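Working notes for the structure below.
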Amino acid sequence: MPSKIYDVVVVGSGPSGGTLAAHLAHLGVDVAIVEGGPRINTRTDFNTHAMPFEFANRHIPTMKPGKPGFDSERTRGIGGKSLTWNAVAWRLSERDFKGKTFEGAGEDWPFHYKDIAPYYSKIEREVGVCGNLDGLEDLPDGDFLPPVPMKCSDVIVKRGAAKLGVRVIHVRKSTLSRPMAGRPSCHFCGNCMAGCDVVAKYNSADVHINPALKTGHLEVFGNSIVREVIVSNENRVTGVRYLHRETKEEGEVRGRVVVLSCGCVQSVALLMMSKSRLYPNGLANSSGALGKHFIPHFTGGVQCFLHELIGKPTTNDEGYLDHAYVPSFMHNRKRDYARSFGMQFNYQNRRAVGWARDVPGFGKDFKNAVQQRYPAFLTFSPYGEMLPHARTFVDMDWERKDRYGLPLARRNVTYSDNDWRIFRDMTDWSKRILEAAGAEIFAVGEEPRTNHELGGCRMGTDPKASVLNQWCQSHDVKNLFVVDGSVIPSASEKNPTHTMMALAARTADYISNSMKKGEL
């Protein structure tokens, strides 16, 4: 157990925790990262280039045999979800930050786009985000590396969408389109969500944490599953208690400030587990808002075959998965719901050919049908914004425990009428775009599925209705912060990680400045 009292203890090492810890370390703040998983060698430990037929069950395990990590929500590895994310990086717009003001729906964030824009730029320059300058009001441009070319199928979809007045743009990703800072550009192996063995795709361990270790102001405690945030009788957090992942031995890391970046649901769960005399209903929960306002994205799905590509020779066009995107286009159109949706598409690859099971035929005819359609397969996955409401929330199952003896978090999701209207419309638009592109519709998802987890520990100006203020700082406990997807009060339809990293950089500056002033 370390005897040192750190300036800041950060729980979690993913995109938010890694960004915040590194920024603080470079500012001269002494930081400890406490991470439930082990250190992972991104160059050797993942099955980055593996194929399904290499494994008995036709499923590619994330880790190579004998390599620990990613075995539960509590024990991913140093680098967290950044190691296996798809790296899509959108900026939110003023409409996203002030949705209630614009549309009377959702919640306003406690600051404006202009307040976080410099941090978006800072992250883009640090990690390398490629993309095009598209001049869209609801998808602000940034400091980008050049975009990668669209695939043939993307161009076909773009042509079809244009017939309906819908724009298709280059995707924006935290993946290098040209070498930068000792990292090579992407070599287009097409398996981005199984790790990147050259770090062309950003991960917090290689890009933020390892360089920050060289400052002498950062230490990393791996295999340390935090089970409690400690609060004193003076209403200050003083550190965290953890269980060693392998030995189950207890330990403690102490600090003057504690920041939770465990991932949305796990940060909420850790606060709920951290009960005390001062906070019998969960740490920093005097408002009763903890766990409420859970707003995961929901997705649809339309699979098709592009007629123009049926029977064409098979080529390796995996790229870095999705190269194109349909940004939100509904805000200025008449509709019977609030908010909007965006569409990711064409990020399947040769490792995922489950659709072949449903192709009709048998024997040689079946094999020919699959071979003919293989180059033409395409999938659309529109993302909708869930508005906060009382029936979607996170709570704890205090009776069911995991292998570490800790209670399990429960995700309670009920789709509202507004959610269903968005889902039906984004599914209909997906089919219309694909049909305009000359597609044969193969399968259509009939129900929404949750995706990026957001909310449950939201920011706000009213301490009675939110957990955190605009700096991701607890209203109740001055030296407690939370920086991950749980802090988001209203979601937008856009992937959230880029915003979470910008929030982390902004919060790091606030913590550093507050410590210099003696305010923390």
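None of the values given here were measured: they were computed from a predicted structure.
We find that Lys494 and Asp96 are joined by a salt bridge, their nearest charged nitrogen and carboxylate oxygen being less than 4.0 Å apart. Using a cut-off of 4.0 Å between Lys/Arg side-chain N and Asp/Glu carboxylate O, Lys151 and Asp317 are scored as not salt-bridged. A salt bridge links Arg159 to Glu308: one of the charged nitrogens lies within less than 4.0 Å of a carboxylate oxygen. Salt bridge status for Lys478 with Glu519: absent, with no side-chain N to carboxylate O gap under 4.0 Å.
Within the structure, salt bridge (Lys or Arg N to Asp or Glu O under 4.0 Å) contacts touching residues 498-507 (residues at least two apart or in different chains) do not occur. Under the salt bridge (Lys or Arg N to Asp or Glu O under 4.0 Å) criterion, the residue pairs touching residues 376-388 are Arg339-Glu385, with sequence neighbours excluded.
Judged as a side-chain contact (heavy atoms from CB on, under 4.5 Å), and not counting sequence neighbours, the contacts of Thr84 are Phe46, Thr62, Phe70. Partners of His170 according to the side-chain contact (heavy atoms from CB on, under 4.5 Å) rule, which considers only residues two or more places apart in sequence or in another chain, are Asn132, Pro147, Met150.
By the 6.0 Å contact criterion, NZ on Lys100 is open, its count of non-hydrogen atoms from other residues, nucleotides or ligands being 12 or less.
A heavy-atom distance below 4.5 Å is not found between the side chains of Asn285 and Tyr279. Taking 4.5 Å as the limit, some side-chain heavy atom of Met386 sits within range of a side-chain heavy atom of Tyr415. Residues Met501 and His208 have side chains in contact (heavy-atom distance under 4.5 Å, counting atoms from C-beta outward). Using a 4.5 Å heavy-atom cutoff, the side chains of Leu503 and Phe111 are in contact. Side-chain atoms of Gln266 and Val394, non-hydrogen and from C-beta on, never get closer than 4.5 Å to each other.
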Residues 427-440 side chain polar contacts: donor-acceptor under 3.5 Å, at least two apart:
unit_1 : atom_1 : unit_2 : atom_2 : d
Thr427 : OG1    : Phe423 : O      : 2.8
Ser430 : OG     : Met426 : O      : 2.8

Could you give the side-chain donor-acceptor pairs of residues 452-459 under 3.5 Å, partners two or more places apart or in another chain?
unit_1 : atom_1 : unit_2 : atom_2 : d
His452 : ND1    : His297 : ND1    : 2.9
Glu453 : OE1    : Arg411 : NH2    : 3.4
Glu453 : OE2    : Arg411 : NE     : 2.4
Arg458 : NE     : Ala465 : O      : 3.3
Arg458 : NH2    : His293 : NE2    : 3.3
Arg458 : NH2    : Ala465 : O      : 3.4

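Side-chain contact annotation: Ser340 with Ser328, donor-acceptor N/O pair under 3.5 Å present. A donor atom on one side chain and an acceptor atom on the other are found under 3.5 Å apart for Ser416 and Asp419.
For Phe97 and His112, the ring centers sit 6.0 Å or farther from each other. Checked against the 6.0 Å centroid criterion, the rings of Tyr383 and Tyr325 do not qualify as a close aromatic pair.
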Notebook entry, point to check: Can you check salt bridge (charged side-chain N to carboxylate O under 4.0 Å, His left out) on Arg335 and Glu103, steps first, answer last?
Noted result: CA-CA 12 Å; Arg335 60 198 191 281; Glu103 296 185 42; 3.2 Å; yes
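Shown are Asp322, Asp143, Asp134; of these, the salt bridge (charged side-chain N to carboxylate O under 4.0 Å, His left out) with Arg172 is made only by Asp134.
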